Amino acid sequence: MKPTLNRDDIARLADRVEAAQLSAKPIQKLTDDYPQMGLADGYAVQSELRRRWIARGHRLVGWKAGLTSKAKMVQMGVDVPSIGFLMSDMARAENSAVRTDDLVHPRVECEVAFVTKASLSGPHCTREQVLAATDFVLPAIEIIDSRFSGFKFDLASVVADNGSSARFVAGGRPRAVGDIDLRTLGMVMEKNGEIVGLGASGAVLGHPADAVAMLVKVLSELDEELPAGSFVMSGGITEAVAVKPGDSIVARYQELGSVSVRFI
Ligand code: 0L1
Ligand code: MG
């Protein structure tokens, strides 16, 4: 993937996104000032952010596939999935209280997460290869927080903003992939005890392992691979749901138990 913007512009855009991420002050989508910006430029900004994050002393723990369900694509007005990186300081413990004062407008997504035991790479990664390289799957909640005002963005901008990644929580009951049917796993999302979303894991590109294969293909276009021991979120099964202080979210999964988080 070859960026069209020069290194100075990529660094300037990374400054802009990084400031919004660190201050929780929203910005306008990047293509307002850089209309020529394309997907490769978005990933170049994302890679620069990742380099800076690691330089600040944090560890890369995995990756996320985003915009992988029809519900999410329709909700956000895009038609191509994306990937983003997950750092150690984004992880929160199950049922912990997540602060919202350092976020712009958090939303939650309930996802199936994969933990890998072998590396995956290349432009032709398949569902079968992903399943063979998976140590176990477990339920996860992603807390996304687009840094763009009013969640108004396009694909290049949201990729530059690391796919709106903010926090994530894993929990429930880890299972080997051979023990469950990952196409038909049911999930119910509750907010403050009310059901606010429900679906099956097949809503994620037909099979959540296909979302991981898509992620590996994008990584290969960035000359990267997915190392063994990675934590990978495969994408929201339903639309994302807005949360505010006082809210609690529980996601109950068939076969995988539940995972929860609170907001303060
Ligand atoms: O994980 C996701 O699907 C989020 C993708 C980014 C778009 C958004 O902020 O909703
Ligand atoms: Mg997500």
Side-chain angles (χ1 to χ4, degrees), residues 17 20-21 24 26-31 39 42-43 45-46 49-50 61-87 90-92 98 100 103-114 137-172 185 187 189 191 196-197 199-212 214-215 218-219 230-243 249 251 253 259 261:
V17 176
Q21 290 180 342
I27 54 175
Q28 296 303 311
K29 67 180 190 307
L30 305 181
T31 45
L39 189 57
Y43 278 113
V45 175
Q46 187 188 115
L49 287 174
R50 176 160 47 104
V61 294
W63 291 87
K64 62 162 276 187
L67 302 165
T68 46
S69 71
K70 196 81 201 148
K72 273 295 305 189
M73 289 188 195
V74 169
Q75 183 181 31
M76 306 320 301
V78 298
D79 55 7
V80 179
S82 63
I83 73 166
F85 58 85
L86 300 175
M87 302 300 296
M90 296 178 185
R92 294 292 179 274
V98 171
T100 51
L103 300 172
V104 182
H105 39 203
R107 291 179 175 179
V108 294
E109 297 183 338
C110 301
E111 313 200 2
V112 175
F114 291 64
V137 291
L138 74 173
I141 295 175
E142 180 178 26
I143 299 139
I144 53 169
D145 188 38
S146 174
R147 271 50 66 158
F148 299 115
S149 235
F151 269 88
K152 289 203 183 67
F153 51 68
D154 45 35
L155 193 60
S157 297
V158 73
V159 164
D161 184 25
N162 195 23
S164 307
S165 302
R167 313 279 181 262
F168 63 89
V169 180
L185 217 63
M187 186 281 297
M189 184 187 341
K191 177 173 154 184
V196 290
S201 52
V204 175
L205 294 185
H207 191 298
D210 288 357
V212 181
M214 177 283 297
L215 184 145
V218 177
L219 281 177
S230 293
F231 176 82
V232 184
M233 306 222 302
S234 58
I237 293 170
T238 65
E239 278 190 6
V241 169
V243 287
I249 297 287
Y253 292 69
V259 56
V261 67

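Both ligands and their constituent atoms are indexed starting at 1 by order of listing. Quick caveat, the model's predicted, so the values are computed rather than measured.
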Between the main-chain N or O of [Y] and the side-chain N or O of [X], is there a donor-acceptor pair closer than 3.5 Å?
X: Lys191; Y: Ala242; value: yes
X: Ser164; Y: Asp145; value: no
X: Tyr43; Y: Ala156; value: no
X: Ser146; Y: Phe148; value: yes
X: Tyr253; Y: Glu111; value: yes
X: Asp154; Y: Ser157; value: yes
X: Glu142; Y: Lys64; value: no
X: Lys152; Y: Gln28; value: no

As a test of reading the structure, name the N/O/S atom of [X] that is nearest the Mg ion (ligand 2).
X: Glu142; result: OE1
X: Glu111; result: OE2
X: Glu109; result: OE1

> What do you reckon, does Glu109 have a nitrogen or oxygen under 3.5 Å from a nitrogen or oxygen of ligand 1?
Replying inline: yes
>> Considering both backbone and side-chain atoms of Glu142, is one of its nitrogen or oxygen atoms within less than 3.5 Å of a nitrogen or oxygen in ligand 1?
In response: yes
> Is it the side chain, the backbone, both or neither of Met233 that has a heavy atom closer than 4.0 Å to ligand 1?
Replying inline: neither
> Counting only heavy atoms, which portion of Ile144 has something under 4.0 Å from ligand 1: side chain, backbone, both, or neither?
Replying inline: side chain
> atom 1 (O) of ligand 1: which of Arg147, His105, Lys64, Arg107 has the nearest heavy atom?
Replying inline: Lys64
Numbering as shown, the atoms of ligand 1 that approach [X] to under 4.0 Å (heavy-atom distance):
X: Gly66; answer: 1 (O), 2 (C), 3 (O)
X: Gly163; answer: 4 (C), 5 (C), 6 (C)
X: Val158; answer: 6 (C), 7 (C)
X: Phe151; answer: 9 (O)

> Looking only at heavy atoms of Gly235, does any of them come nearer than 4.0 Å to an atom of ligand 1?
Replying inline: no
> So is Arg107 actually on top of Phe151's ring, under 6.0 Å and inside 45° of the axis?
Replying inline: yes
Considering only the protein, which heavy-atom contact is closest to [atom], and what is its distance?
atom: atom 7 (C) of ligand 1; value: Phe153 CZ, 3.4 Å
atom: atom 9 (O) of ligand 1; value: Ser164 OG, 2.5 Å
atom: atom 3 (O) of ligand 1; value: Leu67 N, 2.8 Å
atom: atom 10 (O) of ligand 1; value: Lys72 NZ, 2.6 Å

> Is the Phe114 to Phe231 ring centre distance short of 6.0 Å?
Replying inline: no
>> Please report the interatomic distance CG(Asp210) to OG1(Thr68), rounded to the nearest 0.5 Å.
In response: 10.5 Å
